[in-house]
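Just so you know, these numbers use all the heavy atoms, side chains as well, and skip hydrogens, waters and symmetry mates. Residue indices begin at 1 and follow the sequence shown. Whatever order the structure lists ligands and atoms in, that order sets their numbers, starting from 1. Everything quoted here is computed from the prediction, not taken from an experiment.
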Amino acid sequence: MTYDDDNIFAKILRGEIPATRVYEDEDVLAFMDIMPRAPGHMLVIPKAAARNLLDAPPEALAACVAVAQKLARAAKAALGADGITLQQFSEAAGGQEVFHLHFHVIPRFAGVALGRPGVMGDMEEIAANAEKIRAALESGAGA
Ligand code: 5GP
């Protein structure tokens with residue numbers, strides 16, 4: 001399987017389509033999922049071209065997981081989450097729909113099941129959650 005640079009996340013990386021960004025460094029970008037399965041659902045992607053877990057360089061995986069940890073801590077502090085679900089799907093048979101490597105960081109609340117996939121979120125609520133998570137990162141909650 002090859003990497004197709006027309007995928008949606010490659011377009012977000014190139015700034016061709018908008019995204020609600022929460023974190024960026026030299027190697028990694030993180031932004032809000034537009035169909036959140038829980039409040040504060042984020043996606044962490046490497047800037048390097050990689051389709052999924054099967055072809056990604058180990059350094060890209062390590063960089064993404066380190067950022068996922070920061071975001072998990074920040075989201076827990078910012079949103080009062082009780083836990084975090086970290087998901088990664090590889091290839092269609094594994095549940096992958098967008099073919100640029102990504103990790104889902106999903107804040108979880110005690111007793112609340114994950115929402116259904118594929119349901120568009122409320123953009124104002126997504127932006128408000130992003131703002132809280134960014135503020136928590138700035139105040140050091142991700143460390
Ligand atoms: P997966 O490939 O792991 O199954 O899921 C892809 C994820 O990307 C889904 O959770 C979906 O809601 C999200 N998604 C799909 N298109 C867009 C988009 O244009 N912008 C953002 N921010 N998220 C997207």
**Message:** To check your reading of the model: name the closest protein heavy atom to atom 15 (C) of ligand 1, its residue, and the distance in Å.
**Reply:** M35 CE, 4.0 Å

**Item:** Nearest neighbour of atom 3 (O) of ligand 1 from the list E97, H102, Q96, R37, on a heavy-atom basis
**Value:** H102

**Message:** Yes or no: does F99 have any heavy atom under 4.0 Å from an atom of ligand 1?
**Reply:** no

**Message:** Using side-chain heavy atoms (C-beta onward) and a distance below 4.5 Å, is I45 in contact with L101?
**Reply:** no

**Heavy atom of A19, distance to ligand 1 below 4.0 Å** = no

**Prompt:** Considering only the protein, which heavy-atom contact is closest to atom 10 (O) of ligand 1, and what is its distance?
**Reply:** D33 OD2, 2.5 Å

**Request:** Determine whether the aromatic ring centres of F31 and F9 lie less than 6.0 Å apart.
**Result:** yes

**Message:** Looking at every heavy atom in both I84 and R108, which two are closest together, and how far apart are they?
**Reply:** C-CG, 4.1 Å

**Prompt:** Q87 and T85: side-chain donor and acceptor closer than 3.5 Å?
**Reply:** no

**Request:** Identify, for atom 18 (C) of ligand 1, the protein heavy atom at the shortest distance, and state residue, atom and that distance.
**Result:** I34 CD1, 3.5 Å

**Prompt:** Looking at ligand 1, does H104 have a heavy atom less than 4.0 Å from it?
**Reply:** yes

**Message:** Looking only at distances, can you tell me whether any N or O atom of F89, backbone or side chain, sits closer than 3.5 Å to an N or O atom of ligand 1?
**Reply:** no

**Asked** With a 4.0 Å heavy-atom cut-off (strictly under), which part of I8 contacts ligand 1: side chain, backbone, both or neither?
**Response** side chain

**Message:** Quick check: is F103 connected to M32 through a chain of hydrophobic side chains (ILVMFWY, heavy atoms under 4.5 Å apart)?
**Reply:** yes

**Prompt:** Does the separation of the ring centres of H104 and F89 fall below 6.0 angstrom?
**Reply:** yes

**Asked** Do the side chain of R51 and the main chain of T2 share a donor and acceptor less than 3.5 angstrom apart?
**Response** yes

**Fill in**
re atom 22 (N) of ligand 1, the protein heavy-atom contact at minimum distance is M32 O, 2.9 Å

**Message:** Check this for me - ligand 1, I12, N or O atoms closer than 3.5 angstrom, yes or no?
**Reply:** no

**Prompt:** Does any non-hydrogen side-chain atom of L137 lie less than 4.5 Å from one of L71?
**Reply:** yes

**Message:** Can you give me the closest heavy-atom contact between K47 and E24, atom names plus distance?
**Reply:** NZ-OE2, 2.7 Å

**Item:** Contact partition for T20 relative to ligand 1, non-hydrogen atoms under 4.0 Å
**Value:** neither

**Message:** Give me the residue, atom name and distance of the protein heavy atom closest to atom 4 (O) of ligand 1.
**Reply:** G95 O, 2.8 Å

**Request:** Please work out whether any backbone atom (N, CA, C, O) or any side-chain heavy atom from C-beta onward of F9 is under 4.0 Å from ligand 1, and answer side chain, backbone, both or neither.
**Result:** side chain

